[in-house]
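These figures come from a predicted structure and were not determined experimentally.
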Amino acid sequence: LTGAAEVVRQRHAMQRAATIIQAALDQCGTTAISRFGGDLIKQNVADRLEAAFTKQKNALRIDQVPVRLTASSRKGGVDRVIGLSEAQGKVGAGVVLSEGEHRAVALAAFIAELEVSGRAAPIVLDDPVSSLDHLRRSYVATQMANEAVVRQVVIFTHDLPFLLMIEDACGAKQVPLTRIMLERGRR
């Protein structure tokens, strides 16, 4: 009987160990990691990012565009997604937003993420104002000058009026501006 009791104790210890190991494995699965990442974003980033996005939407004068930032889980990770507000139902953003609104919303989200990251890494933008109207281009120029206060901003553009807007915005902020022009020449 003593030997049987010892076997039962060993089996019980093995089952407890197996339960602990399985619980640890469950926490390492992609679903658990995605859920944990989503919880971390909600607890530590979501409110700050939403506030920064709202600020940028206001600065670019797209506060009337019915979009918001949301977190979306995917296998092994979490993405931040620009989606339509609940009031718009299940209609896709492509149906509601113009190309210019898409561009402005994407810039607002990008600048908001820069703000929340707290890093002063340089940014490079290739023609950030294509599809934007004249007024919105000036708002983008102002925001780029604001960013140039804390980081290097490199903008490629062929839009001369936008370049003049950037010059004015940088002058108003007293941000140094270097213009480099590329011209096609003979070979």
Side-chain angles (χ1 to χ4, degrees), residues 34 37-74 77-177:
S34 296
D39 290 345
L40 282 177
I41 286 174
K42 286 176 188 168
Q43 293 168 9
N44 300 303
V45 178
D47 290 341
R48 289 177 32 222
L49 187 58
E50 185 178 331
F53 183 59
T54 299
K55 180 176 123 185
Q56 291 304 321
K57 281 178 48 178
N58 291 336
L60 295 177
R61 309 298 195 278
I62 53 170
D63 45 326
Q64 78 287 355
V65 177
V67 293
R68 62 188 174 92
L69 281 177
T70 59
S72 172
S73 296
R74 63 175 165 77
V78 177
D79 291 324
R80 285 167 303 285
V81 176
I82 298 171
L84 293 174
S85 301
E86 295 88 16
Q88 301 302 312
K90 297 192 187 267
V91 177
V95 174
V96 176
L97 303 181
S98 70
E99 187 176 337
E101 288 172 327
H102 273 250
R103 173 79 54 146
V105 167
L107 280 168
F110 177 69
I111 297 168
E113 284 194 28
L114 289 173
E115 182 180 321
V116 170
S117 77
R119 296 185 309 198
I123 58 173
V124 178
L125 299 168
D126 183 15
D127 205 10
V129 294
S130 65
S131 305
L132 297 183
D133 61 52
H134 179 72
L135 282 176
R136 188 130 319 122
R137 288 170 193 232
S138 69
Y139 304 143
V140 170
T142 299
Q143 288 308 99
M144 293 300 101
N146 290 341
E147 285 303 310
V149 170
V150 296
R151 74 185 80 248
Q152 180 182 20
V153 177
V154 177
I155 300 174
F156 294 99
T157 187
H158 63 278
D159 187 325
L160 293 178
F162 178 59
L163 176 61
L164 295 174
M165 290 174 194
I166 291 172
E167 288 176 350
D168 290 344
C170 287
K173 286 279 184 188
Q174 297 182 341
V175 174
L177 174 70

Tell me, yes or no, whether the heavy-atom count around Q174 atom CD, taken from other residues, nucleotides or ligands under 6.0 Å, exceeds 12.
no
Output the distance between atom CD1 (I123) and atom CG (L114), rounded to the nearest 0.5 Å.
5.5 Å
Test item: I62 and R136 side chains (from C-beta on) under 4.5 Å apart, heavy atoms
yes
When rounded to the nearest 0.5 angstrom, what is the spacing between NZ in K57 and CG in L107?
14.0 Å
Smallest heavy-atom separation, G100 atom then L132 atom, equals O-CD2, 3.1 Å
Nearest 0.5 Å, what's the OG1-NZ distance between T142 and K173?
8.5 Å
Rounded to the nearest 0.5 Å, how far does CG of L164 lie from OG of S138?
12.5 Å
Between A141 and A169, which heavy-atom pair has the shortest distance, and what is it?
O-CB, 3.6 Å
Can you confirm whether V140 sits close enough to F162 that some side-chain heavy atom of one is under 4.5 Å from a side-chain heavy atom of the other?
yes
Identify which one of R103, H158, E99 satisfies the side chain to side chain donor-acceptor pair (under 3.5 Å) criterion when paired with S130.
R103
Is the number of heavy atoms from other residues, nucleotides or ligands within 6.0 Å of CD (E167) greater than 12?
yes
Tell me whether the count of non-hydrogen atoms from other residues, nucleotides or ligands lying under 6.0 Å of CD in E115 goes above 12.
yes
Testing N58, L60, D133, V129 for side chain to side chain contact (heavy atoms under 4.5 Å, CB included) with Y139, which one passes?
L60
So do the side chains of F53 and V67 get within less than 4.5 Å of each other, counting heavy atoms only?
yes
Looking at CD of E147 and CD1 of I155, how far apart are the two atoms once the value is rounded to the nearest 0.5 Å?
10.5 Å
Test item: R151 side-chain N/O and A121 main-chain N/O as donor-acceptor pair under 3.5 Å
yes
